[in-house]
Amino acid sequence: MHINYTGDLTGPQPYASFLNDSLGDASGSVLPLGHDYPAEFQHMVHAHWRGFRTPPIYHRAGIYIAFCVLMTLNIFGNGLVIWIFSTSKSLRTPSNLLILNLAVFDLFMASNMPHYLINATLGYIAGGEMGCDIYALNGGISGMGASITNAFIAFDRYKTISNPIDGRLSYGQILMCIIFTWLWATPFSVLPLFQIWGRYLPEGFLTTCTFDYLTNTDENRLFVRTIFVWSYAIPMTVIIVSYYKLFTHVRTHEQMLAEQAKKMNVKSLSANQNNDSMSVELKIAKAALIIYMLFVLAWTPYSVVALIGCFGEQQLITPFVSMLPMLACKSVSCLDPWVYATSHPKYRLELERRLPWLGIREKQTGTGATGGQESVASVSGDTLAMSVQN
């Protein structure tokens, strides 16, 4: 079944119709998606979207409300992280600079949320092609930057825990990593901007923009493959390998301590015993799983939609379905400061001291009665910190 729309459209005509719930005009005729775009912007609407009816008002209202909530949470959470980590001397460690960098990328992602609210109100991309390019450029840089920052955080945690004395990255090395994250996010954000390779187009309800994953040309397929490897496969591989090696290292270390304790006929060699029966190995596995799942939640939906759009059954990509990956990325940018930073003990202490109205009550643990050095693995969100206590 096709939409028989005969209005004045200067852009490409629909090649298919994959109809969902829709709106019509007063006469009952079907209104295709993009019919209300200004004439000078009609060429921006991909033919794929013209095969759908205008989405129902409750879909658009739901996305609008979700964006308002996500924008508030993003600015508040990441703003707190940047404020606390940049002004607290006790938190100015090399590893925490990566958390700060992640918060900057996540806050940068929030910069295009007001733009979306304007677009959703108007029903089209405010600013036309330039507005679309700016929106997509912000999303590309912040998204790819956050993904590779997550990979560096995973690598840093592995280095720190596997070799807590000599394995820690220095300030200089961390600064190089941070510069690299911005350089990593630049190429595949700038190339579509100037249409050197790929391009930016409206998607979904035609109120957001991203790279073109619907045009069936060899050049565009190669672009989609490349950006998939660059922004998803490589960071995902680094994260999996780093946390796998971290987990196996801790497991080996725990087994070694258990065997030594058995030989010495003592229950444990650890000076700091928690009432919690969960082993260090399980704690680290749990924290690593949360971090890994956040990355999967953020980028797998977009990767799947892009690959289906370029290589699969495009009729599966309805306007509403194409909006869900965007919501997933925005949601994870709001969750990062809570999962990563708020589980950091020193960060919670700073929040308790500076913002008591948040109701945070952090335990201040001692160092134990015995002297000597004990290597203690502490799980603190993204910072699975191996500290040497005296």
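What you see is a predicted model, and the numbers here were worked out from it, not measured in a lab. Residues take their numbers from the sequence shown, with the count starting at 1.
At a cut-off of 3.5 Å, with distance as the only test, no side-chain donor of R168 or S95 sits close to an acceptor on the other residue. Judged by distance alone, the side chains of T300 and Y232 do bring a donor and an acceptor atom under 3.5 Å apart. Judged by distance alone, the side chains of T248 and R251 never bring a donor and an acceptor atom under 3.5 Å apart. The closest side-chain donor-acceptor pair between Q195 and Y200, if any, does not fall under 3.5 angstrom. Under 3.5 Å, the side chains of R221 and T226 contain no donor-acceptor pair of N or O atoms. No hydrogens or angles considered: nothing links the side chains of H46 and E203 as a donor-acceptor pair under 3.5 Å. N150 and S147 share no side-chain donor-acceptor pair at under 3.5 Å.
One finds the CG atom of L97 at 12.5 Å from the CG atom of L102 (value rounded to the nearest 0.5 Å). Separation of atoms CD1 (I148) and OG (S231) is listed at 10.0 Å; rounding is to 0.5 Å. Taken from SG in C329 to CG in D106, the straight-line distance is 10.5 Å, to the nearest 0.5 Å. Atoms CD1 and CD1, on I118 and I125 in that order, are 11.0 Å from each other to the nearest 0.5 Å. The CE atom of M326 lies 8.0 Å from the CZ atom of F205; values are rounded to the nearest 0.5 Å. From K330, atom NZ reaches atom CD1 of I63 across 12.0 Å, with rounding to the nearest 0.5 Å.
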Please determine whether side chain to side chain contact (heavy atoms under 4.5 Å, CB included) holds for the pair M256 and Q260, giving the CA-CA distance in whole Å, both sets of side-chain angles, and the decisive distance to 0.1 Å. CA-CA 6 Å; M256 180 188 69; Q260 187 66 22; 5.6 Å; no
Determine, step by step, whether T210 and L201 satisfy the side chain to side chain contact (heavy atoms under 4.5 Å, CB included) criterion, reporting the C-alpha distance in whole Å, the side-chain angles of both residues, the deciding distance to 0.1 Å, and the verdict. CA-CA 6 Å; T210 187; L201 289 177; over 6 Å; no
Under the side chain to side chain contact (heavy atoms under 4.5 Å, CB included) criterion, do V321 and L316 qualify, and how do the steps go? CA-CA 8 Å; V321 167; L316 298 176; over 6 Å; no
Residue pair T87, R354: steps toward the side-chain hydrogen bond (donor to acceptor under 3.5 Å, both in side chains) verdict: CA-CA 11 Å; T87 59; R354 301 191 192 190; 2.7 Å; yes
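Ring geometry, W49 versus F52: the interplanar angle falls from 30° to 60°, so the pair is classed tilted. Relative orientation of the F223 and F188 rings is tilted, given thresholds of 30° and 60° on the angle between their planes.
Counting only residues at least two apart or on different chains, the disulfide bond (SG atoms under 2.5 Å apart) pairs with a member in residues 58-151 are C132-C209.
The shortest heavy-atom contact between Y64 and A120 is CD1-CB, 3.6 Å. Taking both residues in full, the closest heavy atoms of F85 and I99 are given as CE2-CD1, 4.1 Å, listed atom of the first, atom of the second, then distance. For the residue pair N119 and A126, the shortest heavy atom distance occurs at OD1-N, 2.8 Å. Considering every non-hydrogen atom in both G123 and Y37, the closest pair reads O-CE1, 3.6 Å. Shown here for V81 and P337, the closest heavy-atom pair between the two residues is CG2-CB, 3.5 Å. Looking at every heavy atom in both residues, H35 comes nearest to L31 through NE2-CD1, 3.6 Å.
Considering only residues two or more places apart in sequence or on other chains, R92 meets the salt bridge (Lys or Arg N to Asp or Glu O under 4.0 Å) condition with none of them. In this structure D212 satisfies the salt bridge (Lys or Arg N to Asp or Glu O under 4.0 Å) test together with R199, sequence neighbours excluded. With sequence neighbours left out, R353 forms a side-chain contact (heavy atoms from CB on, under 4.5 Å) with E350. With sequence neighbours left out, Y158 forms a ring pair (Phe, Tyr, Trp, His ring centres under 6.0 Å) with no residue at all. The ring pair (Phe, Tyr, Trp, His ring centres under 6.0 Å) search around F67 returns Y116, not counting sequence neighbours. For T217, the side-chain contact (heavy atoms from CB on, under 4.5 Å) criterion is met by T215, E219, N220, not counting sequence neighbours. The side-chain contact (heavy atoms from CB on, under 4.5 Å) search around T72 returns none, not counting sequence neighbours.
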Enumerate donor-acceptor pairs with a distance under 3.5 Å from any side-chain N or O in residues 173-186 to protein atoms, sequence neighbours excluded.
{"residue": "Q173", "atom": "OE1", "partner": "S170", "partner atom": "N", "Å": "2.9"}
{"residue": "Q173", "atom": "OE1", "partner": "S170", "partner atom": "OG", "Å": "3.4"}
{"residue": "T181", "atom": "OG1", "partner": "N101", "partner atom": "ND2", "Å": "3.2"}
{"residue": "T181", "atom": "OG1", "partner": "I178", "partner atom": "O", "Å": "2.5"}
{"residue": "W182", "atom": "NE1", "partner": "N101", "partner atom": "OD1", "Å": "3.1"}
{"residue": "W184", "atom": "NE1", "partner": "W230", "partner atom": "O", "Å": "3.4"}
{"residue": "T186", "atom": "OG1", "partner": "W182", "partner atom": "O", "Å": "2.7"}

Side-chain donor-acceptor contacts of residues 133-145 below 3.5 Å, not counting sequence neighbours, with atom names and distances?
{"residue": "N138", "atom": "ND2", "partner": "S111", "partner atom": "OG", "Å": "3.2"}
{"residue": "S142", "atom": "OG", "partner": "N138", "partner atom": "O", "Å": "2.7"}
{"residue": "S142", "atom": "OG", "partner": "G139", "partner atom": "O", "Å": "3.3"}

Quiz: residues 235-242 side-chain donor-acceptor pairs under 3.5 angstrom, not counting sequence neighbours:
{"residue": "T237", "atom": "OG1", "partner": "A233", "partner atom": "O", "Å": "2.7"}
{"residue": "S242", "atom": "OG", "partner": "V238", "partner atom": "O", "Å": "2.8"}

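Cluster partners of M109: none. The rule joins Ile, Leu, Val, Met, Phe, Trp and Tyr whenever side-chain heavy atoms lie under 4.5 Å apart, and it links nothing here.
Formation of a donor-acceptor pair under 3.5 Å by the Q255 side chain with backbone atoms of V250 is not found in this model.
Within the 4.5 Å cutoff, the side chain of L33 has no heavy atoms near those of the R53 side chain. With contacts defined as side-chain heavy-atom distances shorter than 4.5 Å, the pair N74/M71 does not qualify. Contact of the I308 side chain with the Q314 side chain is not registered, since no non-hydrogen atoms from C-beta on lie closer than 4.5 Å. No side-chain heavy atom of D156 sits less than 4.5 Å from a side-chain heavy atom of F152. Using a 4.5 Å cut-off on side-chain heavy atoms (C-beta onward), W197 and L222 make contact. With contacts defined as side-chain heavy-atom distances shorter than 4.5 Å, the pair F311/V224 qualifies. Annotation: side chain of Y213 is in contact with side chain of S322 (closest heavy-atom distance under 4.5 Å). Within the 4.5 Å cutoff, the side chain of W83 has heavy atoms near those of the L355 side chain.
Placement of I153 and Y171 within a single hydrophobic cluster is found when ILVMFWY residues are connected by side-chain heavy-atom separations under 4.5 Å, directly or transitively. Connection of V304 to L214 is established within a shared hydrophobic cluster, with ILVMFWY side chains joined at heavy-atom distances below 4.5 Å, either directly or through further cluster members. Hydrophobic clustering, with ILVMFWY side chains joined whenever heavy atoms are under 4.5 angstrom apart, keeps Y244 apart from I234. L73 and L294 are members of different hydrophobic clusters when ILVMFWY side chains are connected at heavy-atom separations under 4.5 Å. Note: the hydrophobic cluster containing I227 also contains F194 (ILVMFWY, side chain heavy atoms under 4.5 Å, direct or indirect links).
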